[in-house]
Amino acid sequence: QVQLVESGGGLVQAGGSLRLSCVASGRTFSRYTIAWFPQAPGKEREFVTAISWSRGITYYGDSVRGRFTISRDDAKNTVYLQMNIMKPEDTAVYYCAASGNSNPSRNRSGYNYWGQGTQVTVSS
């Protein structure tokens with residue numbers, strides 16, 4: 001069982017930066033792949049990035065590649081999402097999700113555990 005808690009959301013102007021954190025409970029955090037799925041109003045949660053547990057391999061969606069960076073600190077049971085050059089279309093509730101699979105999935109169904117989300121708003 002893994003419990004996830006996101007933080008770091010807020011209001012930022014276009015072109016600015018935010019760093020989100022996803023803190024997990026459980027002693028086996030290092031064995032979970034972690035992903036971020038933002039959900040914009042009226043839309044489904046969509047994959048933007050993930051980091052595998054086995055070798056820390058990272059994956060990015062086309063909309064964030066080059067702007068967002070995912071990283072993990074297993075000693076702190078934390079995954080970070082550094083968001084730079086933010087755009088109004090990045091506005092969403094950002095959820096982190098965990099999977100015991102070493103190969104990250106881009107589908108929501110590939111993740112067993114979800115946090116409660118943190119709101120990110122980018123003003124133009």
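Treat the numbers as computed from the prediction; the structure is a model and nothing was measured.
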Full working for side chain to side chain contact (heavy atoms under 4.5 Å, CB included) between Ile70 and Val79: CA-CA 7 Å; Ile70 190 171; Val79 166; 3.7 Å; yes
Return each pair, listed once, that meets salt bridge (charged side-chain N to carboxylate O under 4.0 Å, His left out) where at least one residue sits in residues 83-112; pairs must be two or more places apart or across chains.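 The answer is Glu44-Arg108, Arg67-Asp90.
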Would you mind listing every salt bridge (charged side-chain N to carboxylate O under 4.0 Å, His left out) that reaches into residues 110-124, with sequence neighbours excluded?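 Non-adjacent pairs meeting salt bridge (charged side-chain N to carboxylate O under 4.0 Å, His left out): zero.
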I'd like to know whether the aromatic ring centres of Phe37 and Trp114 sit less than 6.0 Å apart in this structure.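 Yes.
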Could you tell me which non-hydrogen atom of Tyr59 sits nearest to which non-hydrogen atom of Pro104, and how far apart they are?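 Residues Tyr59 and Pro104, closest heavy atoms: CE1-CG, 3.2 Å.
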For the residue pair Leu4 and Ala24, what are the closest heavy atoms and their distance?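 Looking at all heavy atoms of both residues, the shortest contact is CD2-CB, 3.5 Å.
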So, does [X] use its side chain to make a donor-acceptor pair with the main chain of [Y] at under 3.5 Å?
X: Asn107; Y: Ser109; answer: no
X: Thr78; Y: Asp73; answer: no
X: Thr91; Y: Val122; answer: yes
X: Asn112; Y: Ser99; answer: no

Grouping I, L, V, M, F, W and Y whenever their side-chain heavy atoms are under 4.5 Å apart, do Tyr111 and Ile57 come out in a common cluster?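 Yes, it is one cluster - the side chains of Tyr111 and Ile57 are joined through contacts under 4.5 Å.
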Does one hydrophobic cluster hold both Phe47 and Leu81, with members joined at side-chain heavy-atom distances below 4.5 Å?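 Phe47 does not cluster with Leu81.
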Close side-chain approach of Ser71 to Gln82, heavy-atom, < 4.5 Å: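 They are not in contact (no side-chain heavy atoms under 4.5 Å apart), so the answer is no.
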Val48 and Tyr60, any side-chain heavy atoms less than 4.5 Å apart: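 When only atoms from C-beta onward are counted, Val48 and Tyr60 do not touch, as no gap falls below 4.5 Å.
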Distance-only donor-acceptor hits, side chain of residues 10-19, under 3.5 Å, sequence neighbours excluded:
unit_1: Ser17; atom_1: OG; unit_2: Asn84; atom_2: OD1; d: 2.9

Does this structure show an ion pair linking Lys76 with Asp74, if we count only N-O contacts that are shorter than 4.0 Å?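 Here Lys76 does not pair with Asp74 in a salt bridge, since their nearest N and O are not under 4.0 Å apart.
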Please report the C-alpha distance between Ser52 and Ser102 in whole Å, then the side-chain angles of each, then the deciding distance to 0.1 Å, and finally whether the side chain to side chain contact (heavy atoms under 4.5 Å, CB included) criterion is met. CA-CA 6 Å; Ser52 70; Ser102 61; 5.6 Å; no
With rounding to the nearest 0.5 angstrom, report the OG1 to CH2 distance, Thr49 to Trp36.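 Spacing of OG1 (Thr49) from CH2 (Trp36) equals 10.0 Å.
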Taking atom CD1 of Ile51 and atom OG1 of Thr33, what is their separation to the nearest 0.5 Å?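 Interatomic distance, Ile51 CD1 to Thr33 OG1, rounded to 0.5 Å: 9.0 Å.
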Criterion side chain to side chain contact (heavy atoms under 4.5 Å, CB included) on Ile34 and Trp53, from CA distance to verdict: CA-CA 8 Å; Ile34 304 295; Trp53 65 260; over 6 Å; no
Using the side chain to side chain contact (heavy atoms under 4.5 Å, CB included) criterion, which residues pair with Thr118? Sequence neighbours excluded.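 Side chain to side chain contact (heavy atoms under 4.5 Å, CB included) list for Thr118, sorted by chain: Glu6, Leu20, Tyr94.
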Tell me, please, which residues at least two apart from Asp62 pass side chain to side chain contact (heavy atoms under 4.5 Å, CB included).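 Side chain to side chain contact (heavy atoms under 4.5 Å, CB included) check on Asp62 returns Arg65.
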Give a yes/no verdict on a cation-pi contact between Arg45 and Tyr95, requiring under 6.0 Å between NZ or CZ and the six-membered ring centre and an angle within 45° of the axis.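 Because its charged atom sits under 6.0 Å from the ring centre and within 45° of the axis, Arg45 does stack over Tyr95.
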Apply side chain to side chain contact (heavy atoms under 4.5 Å, CB included) to Val64 and Met83, showing your working. CA-CA 8 Å; Val64 304; Met83 304 185 291; over 6 Å; no
Qualifying disulfide bond (SG atoms under 2.5 Å apart) pairs with a residue from residues 35-124, counting only residues at least two apart or across chains: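 Matches after skipping sequence neighbours: Cys22-Cys96.
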Kindly check if the number of other-residue, nucleotide or ligand heavy atoms within 6.0 Å of CD (Gln3) is above 12?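 Atom CD in Gln3 is not packed in, count stays at 12 or less.
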